[in-house]
Amino acid sequence: CPWQGPYHELTVHEAECTHPTKTGNELMDILDEMDQTRKKEMQLYNSIFSLLSFEKIGYTEVQFRPYRTDDFITRLYYETPRLTVLNQTWVLKARVNDSERNPNLSCKRTLSFQLILKSKINSPMECSFLLLEGPYDDVKINPVIYHFVFTNENNETDYMPLPIVDSVECNKLLAAKNINLRLFIFPIQK
């Protein structure tokens, strides 16, 4: 049974749990699903390990600071100061609930982010990158590897979801004065 909860609720769960009455075939389906989930996790971690074997790896601590737009109805967004990674200048931007009109009225909040290359480059720069929790934060982020080819004409990624475990974790981030994360950039060598 995949149930997780506080110890004092265990006896109530055991009384209501349907897993002990399931047939062998039903349990095999559940186990197959769990195996597929573990297999996807292992593929992700193997991909991260192969990225870590690259010749060049850039990483830095980033700090998103809150700002408001100058619109008639102001919108909250986050931005990092300029940062240097792999001898290039970058900026990260983030927005709440994809800039929906009133994110304060929603109890389910998400963050999405965008990586922007501010330096001029001579040739296209193909990169994989990911954002993870910083060393002193306890926010839970599922690692996701993103991929983009930067050029002078196409120097910013689309907004991509910050893979926070759930909206409770997102609310923890939004309640903080600043959001501290760690950015990894892996240039793909041709």
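Remember, it's a predicted structure, so these values are computed and weren't measured experimentally.
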Practice item. Would you please indicate if the ring centroids of Tyr159 and Tyr77 are separated by under 6.0 Å? Key: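 Judged by ring-centre distance (under 6.0 Å), Tyr159 and Tyr77 do not meet the cut-off.
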* To do: Verify the neighbour count for atom CD of Glu41: are there more than 12 heavy atoms of other residues, nucleotides or ligands below 6.0 Å?
  =>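 Yes, the 6.0 Å shell around CD holds more than 12 heavy atoms from other groups.
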- Pairs involving residues 50-64, ordered by first then second residue, that meet salt bridge (Lys or Arg N to Asp or Glu O under 4.0 Å) (sequence neighbours left out):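 For residues 50-64, and leaving out neighbouring residues, the salt bridge (Lys or Arg N to Asp or Glu O under 4.0 Å) pairs sorted by first residue read Glu61-Arg182.
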Using atom types as modelled and distance alone, determine if a side-chain donor or acceptor of [X] lies under 3.5 Å from a backbone N or O of [Y].
X: Ser128; Y: His147; value: no
X: Asn152; Y: Ile121; value: yes
X: Glu9; Y: Pro6; value: no

Could you tell me which residues satisfy ring-ring contact (aromatic ring centres under 6.0 Å, His included) with Phe186, sequence neighbours excluded, listed by chain and number?
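Here no residue qualifies.
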Item checked: Results of ring-ring contact (aromatic ring centres under 6.0 Å, His included) for Phe150 - residues two or more places apart only ->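 Residues passing ring-ring contact (aromatic ring centres under 6.0 Å, His included) with Phe150: Trp90, Phe148.
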Assigning hydrophobic clusters by single linkage (Ile, Leu, Val, Met, Phe, Trp, Tyr; side-chain heavy-atom cutoff under 4.5 Å), is [X] placed with [Y]?
X: Val144; Y: Leu162; answer: yes
X: Tyr59; Y: Leu183; answer: no
X: Ile48; Y: Ile188; answer: yes
X: Leu83; Y: Leu130; answer: no
X: Ile145; Y: Val62; answer: no

Over all heavy atoms of both residues, which pair between Phe64 and Ala94 is shortest? Give the atoms and the distance, please.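 Taking every non-hydrogen atom into account, CE2-CB, 3.8 Å.
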Looking at Cys1 and Cys17, what are the two nearest heavy atoms and their distance?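 Heavy atoms only, the tightest pair is SG-SG, 3.8 Å.
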Quick one: are [X] and [Y] in side-chain contact, heavy atoms under 4.5 Å?
X: Ile164; Y: Leu111; value: yes
X: Met160; Y: Phe113; value: yes
X: Pro143; Y: Leu44; value: yes

Once you round to the nearest 0.5 Å, how far does [atom1] of [X] lie from [atom2] of [Y]?
X: Leu132; Y: Asn142; atom1: CG; atom2: CG; answer: 10.0 Å
X: Thr151; Y: Leu117; atom1: OG1; atom2: CG; answer: 9.0 Å
X: Asp32; Y: Leu27; atom1: CG; atom2: CG; answer: 11.0 Å
X: Cys170; Y: Lys172; atom1: SG; atom2: NZ; answer: 11.5 Å
X: Leu51; Y: Asn46; atom1: CG; atom2: CG; answer: 11.0 Å
X: Glu16; Y: Thr11; atom1: CD; atom2: OG1; answer: 9.5 Å

Under the criterion side-chain contact (heavy atoms from CB on, under 4.5 Å), I'd like the reasoning laid out for Val85 against Phe184: C-alpha separation, chi angles, the key distance, then a yes or no.
CA-CA 9 Å; Val85 179; Phe184 289 87; over 6 Å; no
Exercise. Just do the side-chain contact (heavy atoms from CB on, under 4.5 Å) check on Gln88 and Ile185 with the steps written out, would you?
Key: CA-CA 11 Å; Gln88 305 294 335; Ile185 301 177; over 6 Å; no
**Asked** Tracing side-chain links under 4.5 Å among I, L, V, M, F, W and Y, which residues wind up in one group with Tyr7?
**Response**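 ILVMFWY cluster around Tyr7 also holds Trp3, Leu10.
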Sequence neighbours excluded - ring-ring contact (aromatic ring centres under 6.0 Å, His included) pairs with any residue from residues 29-54: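 Non-adjacent pairs meeting ring-ring contact (aromatic ring centres under 6.0 Å, His included): zero.
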Val149/Asn154 under side-chain contact (heavy atoms from CB on, under 4.5 Å): CA gap, chis, key distance, verdict: CA-CA 8 Å; Val149 178; Asn154 193 13; over 6 Å; no
TODO: Check the pair Leu92 / Leu181 against side-chain contact (heavy atoms from CB on, under 4.5 Å), numbers first and verdict last.
DONE: CA-CA 11 Å; Leu92 282 161; Leu181 299 174; over 6 Å; no
All side chain to side chain donor-acceptor pair (under 3.5 Å) counterparts of Thr157, not counting sequence neighbours: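 By the side chain to side chain donor-acceptor pair (under 3.5 Å) rule, Thr157 matches no residue at all.
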